[in-house]
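Just so it is clear, the values below take in all heavy atoms, side chains as well, and ignore hydrogens, waters and symmetry mates.
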Amino acid sequence: MPSHTAAEAGQAPGPKAGPRQWLGLAVLALPTLLISLDQSVLYLALPHLARDLAPTGTQTLWIMDIYGFLIAGFLITMGTLGDRVGRRRLLTIGAAAVGATSVAAAWSSSAEALIVSRALLGIAAATLMPSTLALIGNMFHDPAQRARAIAVWASCFMGGTALGPVVGGIFLEYFWWGSVFLLGVPVAALLLIAAPKLLPEYKAPDAGRIDLFSVLLSLVSILSVIYGLKELSRHGLAPVPLAAVALGLAVGTAFVRRQGRLEHPLLDLKLFRVGAFTAALLILMVSMLGTGGGYLFITGFLQMVEGHSPMAAGLWMVPAAVASILAAQVAPVLTRRFQLGTVVGVALIVGTAGYVLLALVDAVAGMPLLMTGFVIVFIGVGTFGSLGTGLVVGSVPPEKGGSAAALSSISGDLGTALGVAVLGSLGTAVYRATLDAPEGTPDRAAESAGASMENALATARELPARTGDALLTAAEEAYTAGLNAVAAACVLITATSAVIALTMLRNRRGADAPNAHGATASPESVADLTDSVGPR
C-alpha cells in the first residue's frame, strides 16, 4: 500500500460534514439506543411474561442472558464481516433481521420460542454496533466533527441503558409484555428506508475471505468467558463456571495464535501495536469493571433497601444518565485546550471521588449521598465513553474500523461481566459476613436471609411483624455494607484507570486540538499505522 502524506495521515482537518452526514448520524444513533434499551427493558417485562409462558428457573435465566451473550460473541465476526462485505450492507441486513426477530419475540407462545427469538435477535443486533460506529468514521473526516459525532453515539448508548426500565414501564402500563420487543420494528424500518439515501458504503479493499474456524474459536472463547463470569456472580466459585472461564481462555489463546498465522485474520493483532489503541481498550475494560459492579449494587439498593419499583428505580437513574450525556458532549470541547490523556485522567479521578461518596452511604438516610455519588461517577463514565471510543476507532486505518469498533464494544462487555462477577461476589461475601440476625429470629429464617438480600425480603414477610422488621433492618444494613465494600473496590479500580490514562496517554492531543502549525492532530498518524496494520 502506498505511503500517505502528512495531510492524508490526519495532520490537517478533513472535509467538513454537511446536513446529509448529520442526518445519517441520527439514523445511526437509533439502533445504538435500541440495543441498550433491549438489554435493560426485559427486567420489567419478566413477571408479566412469566405468567403467560411459565418458564422454569433455568429458562428464565436464558431468556434474560442469551441476548447479551450472543451480541458479545458475534461482535468480532460482525465487525470484520462489515469490513469485508460492506458496512452499510451489513447494517441493512441486520436491521431487517432485528425487525423480524423482534416480531417473533413479541408473539412467542412458549419459553423455548422466546429463548430462540432472543438468541436470533442478539445475533442480528451484533451486526449493528460495529457497523454504526465504523460508519461514523467514514462519514466524519474532520477530527472535531468526528469527536462530536462519537459523543452523540456514546450518549445514545448510555441514555438507553437508563431509560430501559422507564420505557418498559410505560409500555407495560398500556400493552402486553411482548410490546417491549416491538421497539425494534420502527427502528429497523427507518434504517432500511434511510440507509441507502444517507449512509455511505464502505468495504475494505483486498480484505480476503472470512476464516470460519476463527469465527468458531472466537465464539467459543467469548461466550465461555462471559457465561462463566455471569454464573460465578450468581453461584460463587462453582466448578462449572470456573471450567467455562478456563475453556474460554484456552480457546482464546488458540484463537490468538491462529490469527498470527493467517494472511487475512479475523482479528488483526497488529492493531495492538498502536499504544493509544491498546491503552484505550485497557482503560475501557478496567473502568467498566468498576461500573458494572457498582451499577449492580446501586440498582439493588434502590429496589431492596429503598423499596422502589423497577420503574421508579429507573427514574432515579435518569439524572446520572443525563450527567453522562452532558459529559460526553463537553469532553471533545475540553480536548481543544488540554491533552486527551489529561482530560480522561481527570474525568476518572472525578469518578473516583463519586465512588468515595458511595462508600460512605448508609442504610437509613443514604439516598442523597447515593444519588450525588452516582451522578459524579457517571460524569467520568460519560467523558471516557466518548473520548475512549473515539480514540479506539480513530487510531486505526479506515479498513480496520469495523474490527476496532467491535473490540471497543467487547472490552466494555468483558469489563462489565467481570465487574458483576468479581465485585458482585465481593459485595455478597460482605453481606453474608455482616448480617447479624436479631435475637429471636428462627435459625432457618436466619440461614435463608443470610444467603442473599432477595431471600431476606421473602423471609421477613413470613415472620411476625416485629421479628420480620428487625431482620429486614439488619439485612438492609448488611446489604449497604456490601455496597460500601464494592464502592471502595471501585475507588481502587477507577484510580488505577486514571493512572493508566495519565501515563499511557500523556502525550496525546485531542482530536481537534491545533498543533504548532495551526493544523489539527489526528488520534494517531495513519501513515505510521498503515505500515504496521495495513494489508500488504
Side-chain angles (χ1 to χ4, degrees), residues 13-14 16-19 21-37 129 132-133 135-137 139-164 166 280 283-284 287-288 291 317-351 353-354 372 374-394 405 408-409 412 497-498 501 505 508-514 520-523:
K16 294 282 188 179
Q21 284 74 29
W22 290 107
L23 285 173
L25 176 63
V27 173
L28 292 177
L30 281 175
T32 305
L33 182 65
L34 173 66
I35 291 170
S36 56
L37 275 171
M129 285 291 287
T132 55
L133 187 51
L135 279 170
I136 289 175
M139 294 162 59
F140 296 90
H141 302 285
D142 176 73
Q145 290 188 325
R146 183 174 61 242
R148 287 193 290 272
I150 290 176
V152 171
W153 180 92
S155 297
C156 287
F157 191 81
M158 291 180 280
T161 301
L163 291 176
V166 180
I283 297 169
L284 179 61
S287 60
M288 289 307 296
T291 304
M317 294 176 199
V318 169
V322 171
S324 69
I325 291 169
L326 292 176
Q329 302 305 311
V330 171
V333 179
L334 294 176
T335 60
R336 298 176 188 174
R337 294 180 56 87
F338 306 101
Q339 289 185 343
L340 186 143
T342 301
V343 176
V344 172
V346 170
L348 290 170
I349 291 172
V350 170
T372 302
F374 197 29
V375 168
I376 293 174
V377 164
F378 268 72
I379 290 173
V381 170
T383 302
F384 182 71
S386 170
L387 297 180
T389 302
L391 185 57
V392 169
V393 176
S408 174
S409 297
S497 299
L505 301 177
R508 302 297 303 177
R509 296 185 64 83
D512 54 350
T520 57
S522 66

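With sequence neighbours excluded, no residue forms a side chain to side chain donor-acceptor pair (under 3.5 Å) with Ser324.
Closest of all the heavy-atom pairs between Leu348 and Ala501 is CD1-CB, 4.3 Å. Residues Ala498 and Gly345 approach most closely at CB-O, 3.7 Å, considering heavy atoms. The two residues Met139 and Gln21 have their closest heavy-atom pair at CE-O, 3.2 Å. Listed here is the closest heavy atom pair of Val375 and Ala323: CG1-CB, 3.7 Å.
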Any chance you could lay out the side chain to side chain contact (heavy atoms under 4.5 Å, CB included) test for Gln329 and Val152, step after step, and finish with the verdict?
CA-CA 7 Å; Gln329 302 305 311; Val152 171; 3.9 Å; yes

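Each of Val343, Val346, Val344, Thr383 was compared with Leu334 under the side-chain contact (heavy atoms from CB on, under 4.5 Å) criterion, and only Val343 meets it.
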